[in-house]
Amino acid sequence: MGIGFIYPEFEVIRNEARCIGCRICVRECANGVHSFDEKSGRLLIDETKCVNCQRCVSVCPTRSLKIVKSGCVFRENANWDTGTIKEVFLQANTGGVLLSSMGNPKPFPVYWDRILINASQVTNPSIDPLREPMETRVFLGKKPSDLRRDASGRLEYNLEPQLELSMPVMFSAMSYGSISYNAHESLAKAARELGIYYNTGEGGLHEDFYAYGENTIVQVASGRFGVYEGYLNAGAASEIKMGQGAKPGIGGHLPGTKVGADISRTRMIPEGSDAISPAPHHDIYSIEDLRQLVYSLKEATRYRKPVIVKVASVHNIAAIASGVARSGADIIAIDGFRGGTGAAPTRIRDNVGIPIEMALAAVDQRLRDEGIRNQVSLVVSGSIRSSADVVKAIALGADACYIGTAALLALGCHLCRSCQTGRCNWGIATQRPDLVARLDPQEGSRRLVNLLTAWKREIKEMMGGMGINSIEALRGNRLMLRGIGLTEKELEILGLKAAGE
């Protein structure tokens, strides 16, 4: 103890009157919080190891456990709060870079919560989705800027390759390595049943999941792990990852301890070796370079599959997106600064990037102003938490949304923010076989299907309340939104009117 001692963040409280000594908590905790002392015959608790994943609380048959926030804090100081002081102590103790997982937890404004949805009343009556048709399908890809007819007057259909979604939601990129085999299987099964897509992330595509190719987006990141012609043709679309919302401007690192035989084969790297993806693609230093890779992927897939370019939301995102739209990309994915991650430097996760709401509005308006909005579809991500966030995103100009953290929550994630340790007690962000087995892919898939089925119903209800019967009619329809508690500049960037205006 002494200098730099950090008091545990959480306290584990055991109700001795209820505890029956079954030791389930000991077996279930991958972090070693609970143990049994044979000499004294007592169950012990080491709270320094607790991440508040709630696993022990959930499996305790007598509800004798609970985890509470520690009341031991440093002297109150608005500038130097307890968390900041503990981080200084931790770095002074170790000399290491702080690592974190999941999304930015800081109390920045959540603009989704400052945007309200308009509704119809009399002159533009609402629509009842139970009795009237309501179209939630979307098609992602380049669209023609005008209608053309042949000599006989029939419409010509010369569309570029499209992704058809039953609803405007997909599962975002999470690599095999950052999440488990069973988590990937859950996402793949659910995507197929729902008629949407899941994304491999930068970890390649496991051989067992080629069967789900029609509902798979394969990612090409800077490390090019697992990328070859068969991989590109296995998916329904290819995604070039230029940036990620949780860590714009840097690469990734999967420690060699997580690279077992399966991951080694999938990523095409030696077993036990670190998988380090560099910050830039070393063959992309301009929009012209990006264009070359876009068309290389199109050549490899015989121009039958759309190409997505994923970028992080940063201050000049509108100009970046304008360039990407001219690179030949069919879809632009924009990831906001609240986007989740398996691991990122804490300082970057919490301080780099801009909110997805602002980025989306700026990009949609820029592409419209330049007359190239139809050349690309826009997919956004970065803390899409509910069906209401989806509806607001589409009205701001998105074609669809990626969800990551919400999907993991449906699988059982408790947001304990310790993914980087590889000791996920819920079998999601881990490669330990005993922990992976805790996530049943059938149950996981069922829960994901339930979640998005509920969202789809709510999306229909909200559109019906606006008097709108299709996603296409909602896209970019900012008149259906109103801002509340926003400054004039924020309203201007978002392209919204204030509530009551």
Side-chain angles (χ1 to χ4, degrees), residues 112-113 115-141 143-147 149 154-155 157 159 162-171 190-197 214-215 331 357 360-361 364 368 373-374 377-380 384-403 406-407 410 446-484 494-497 499-501:
W112 299 129
D113 295 339
I115 298 173
L116 300 177
I117 298 170
N118 210 354
S120 301
Q121 294 292 311
V122 180
T123 56
N124 181 31
S126 58
I127 297 171
D128 186 349
L130 293 176
R131 296 172 178 81
E132 300 183 54
M134 189 73 68
E135 184 58 84
T136 61
R137 284 185 305 166
V138 295
F139 294 84
L140 304 181
K143 306 296 190 301
S145 55
D146 54 11
L147 297 177
R149 298 180 182 274
R154 289 177 296 191
L155 284 174
Y157 298 98
L159 277 179
Q162 305 282 311
L163 291 181
E164 179 181 349
L165 287 72
S166 65
M167 62 183 293
V169 180
M170 302 186 288
F171 299 128
R192 184 163 67 182
E193 184 171 344
L194 289 162
I196 59 172
Y197 300 86
E214 292 182 356
N215 298 94
I331 303 162
E357 303 93 328
L360 167 60
D364 179 67
R368 289 177 186 275
R373 180 63 183 85
N374 281 345
S377 292
L378 294 180
V379 179
V380 297
I384 303 295
R385 306 157 303 166
S386 69
S387 58
D389 290 351
V390 174
V391 167
K392 293 170 187 179
I394 292 168
L396 279 180
D399 291 272
C401 297
Y402 268 138
I403 63 168
R446 184 188 68 82
R447 293 179 61 82
L448 288 166
V449 170
N450 283 348
L451 175 71
L452 289 194
T453 298
W455 283 23
K456 186 175 181 179
R457 290 171 179 159
E458 291 172 339
I459 289 170
K460 286 182 177 182
E461 290 284 358
M462 283 181 277
M463 286 201 307
M466 290 184 272
I468 291 174
N469 64 1
S470 73
I471 293 293
E472 182 63 29
L474 177 63
R475 180 169 63 90
N477 192 345
R478 301 186 199 187
L479 290 174
M480 289 290 106
L481 302 176
R482 289 293 185 272
I484 185 167
L494 292 167
L496 302 181
K497 293 184 177 180
E501 185 178 353

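Please read these numbers as outputs of a predicted model, since none were measured by experiment. Positions are given from 1 along the sequence.
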| request: Using modelled atom types only, decide if a donor and an acceptor are shared between the side chain of Arg482 and the backbone of Leu479 within a distance under 3.5 Å. | output: yes
| field | Non-hydrogen side-chain atoms of Met170 and Leu140 separated by less than 4.5 Å | value | yes
| message | Rounded to the nearest 0.5 Å, what separates atom OH in Tyr197 from atom CG in Leu165? | response | 6.0 Å
| task | Might you point out which heavy atoms bring Pro168 and Ile471 nearest each other, and give the distance in Å? | result | CG-CD1, 3.8 Å
| field | Check against side-chain contact (heavy atoms from CB on, under 4.5 Å), Ile394 and Ile459 | value | CA-CA 11 Å; Ile394 292 168; Ile459 289 170; 6.0 Å; no
| message | Determine whether Asp113 and Lys392 satisfy the following criterion, salt bridge (Lys or Arg N to Asp or Glu O under 4.0 Å), listing intermediate values before the conclusion. | response | CA-CA 10 Å; Asp113 295 339; Lys392 293 170 187 179; 5.2 Å; no
| query | Ignoring hydrogens and geometry, is there a side-chain-to-backbone donor-acceptor pair from Thr136 to Ser166 under 3.5 Å? | reply | yes
| Roughly how far, to the nearest 0.5 Å, is the CG atom of Asp389 from the CD atom of Glu357? | 8.0 Å
| task | Dump the intermediate steps for salt bridge (Lys or Arg N to Asp or Glu O under 4.0 Å) on Arg137 and Glu164, then the final yes or no. | result | CA-CA 7 Å; Arg137 284 185 305 166; Glu164 179 181 349; 3.4 Å; yes
| note | Here the gap from Ile117 atom CD1 to Met466 atom CE, rounded to the nearest 0.5 Å, amounts to 5.5 Å
| remark: Arg149 meets the side chain to side chain contact (heavy atoms under 4.5 Å, CB included) criterion, sequence neighbours left out, with Leu155
| Looking at residues at least two apart in the chain, or sitting in another chain, which of them share a salt bridge (charged side-chain N to carboxylate O under 4.0 Å, His left out) with Arg192? | none
| Flag, side chain of Ser377 to backbone of Gly141, donor-acceptor distance under 3.5 Å | yes
| field | Closest approach of Leu360 to Gly397 (non-hydrogen atoms, all atoms of both residues) | value | CD1-C, 3.9 Å
| said: Using modelled atom types and a 3.5 Å cut-off, is there a donor and acceptor pairing between side-chain atoms of Asp399 and backbone atoms of Val379? | reply: no
| request: For atom CD of Glu132, decide whether the heavy atoms of other residues, nucleotides or ligands shown that lie under 6.0 angstrom number more than 12. | output: yes
| How long is the gap from CZ on Arg447 to CG on Leu452, to the nearest 0.5 Å? | 12.5 Å
| query | More than 12 heavy atoms of other residues, nucleotides or ligands under 6.0 Å from CD of Glu193: is that the case? | reply | no
| message | For Ala361, is there any backbone N or O sitting under 3.5 Å from a side-chain donor or acceptor partner on Arg478? | response | yes
| Considering all heavy atoms, the nearest Leu451-Ala410 contact | CD2-CB, 4.0 Å
| task | Please name the pair of heavy atoms, one in Leu494 and one in Leu396, separated by the smallest distance, quoted to 0.1 Å. | result | O-CD2, 3.6 Å
| query | Can you name the residues that form a side chain to side chain contact (heavy atoms under 4.5 Å, CB included) with Ala406, not counting sequence neighbours? | reply | Ile403, Trp455
| task | State whether the number of non-hydrogen atoms from other residues, nucleotides or ligands found under 6.0 Å of Arg446 atom CZ is greater than 12. | result | yes
| task | Take Met480 and Ile468 through the side-chain contact (heavy atoms from CB on, under 4.5 Å) test and state the conclusion after the steps. | result | CA-CA 10 Å; Met480 289 290 106; Ile468 291 174; 3.8 Å; yes
| task | Can you see which heavy atom on Lys143 is nearest to which on Gln162, and at what distance? | result | NZ-OE1, 3.1 Å
| task | For Ile484, look at atom CD1 and say whether over 12 heavy atoms of other residues, nucleotides or ligands are found less than 6.0 Å away. | result | no
| query | What distance separates Phe171 CZ from Leu448 CG, expressed to the nearest 0.5 Å? | reply | 4.5 Å
| request: Work out which heavy atom in Arg373 is nearest to a heavy atom in Asp364; give both atom names and the distance. | output: NE-OD1, 2.8 Å
| Interatomic spacing from CD in Glu461 to CE in Met134 - rounded to 0.5 Å | 8.0 Å
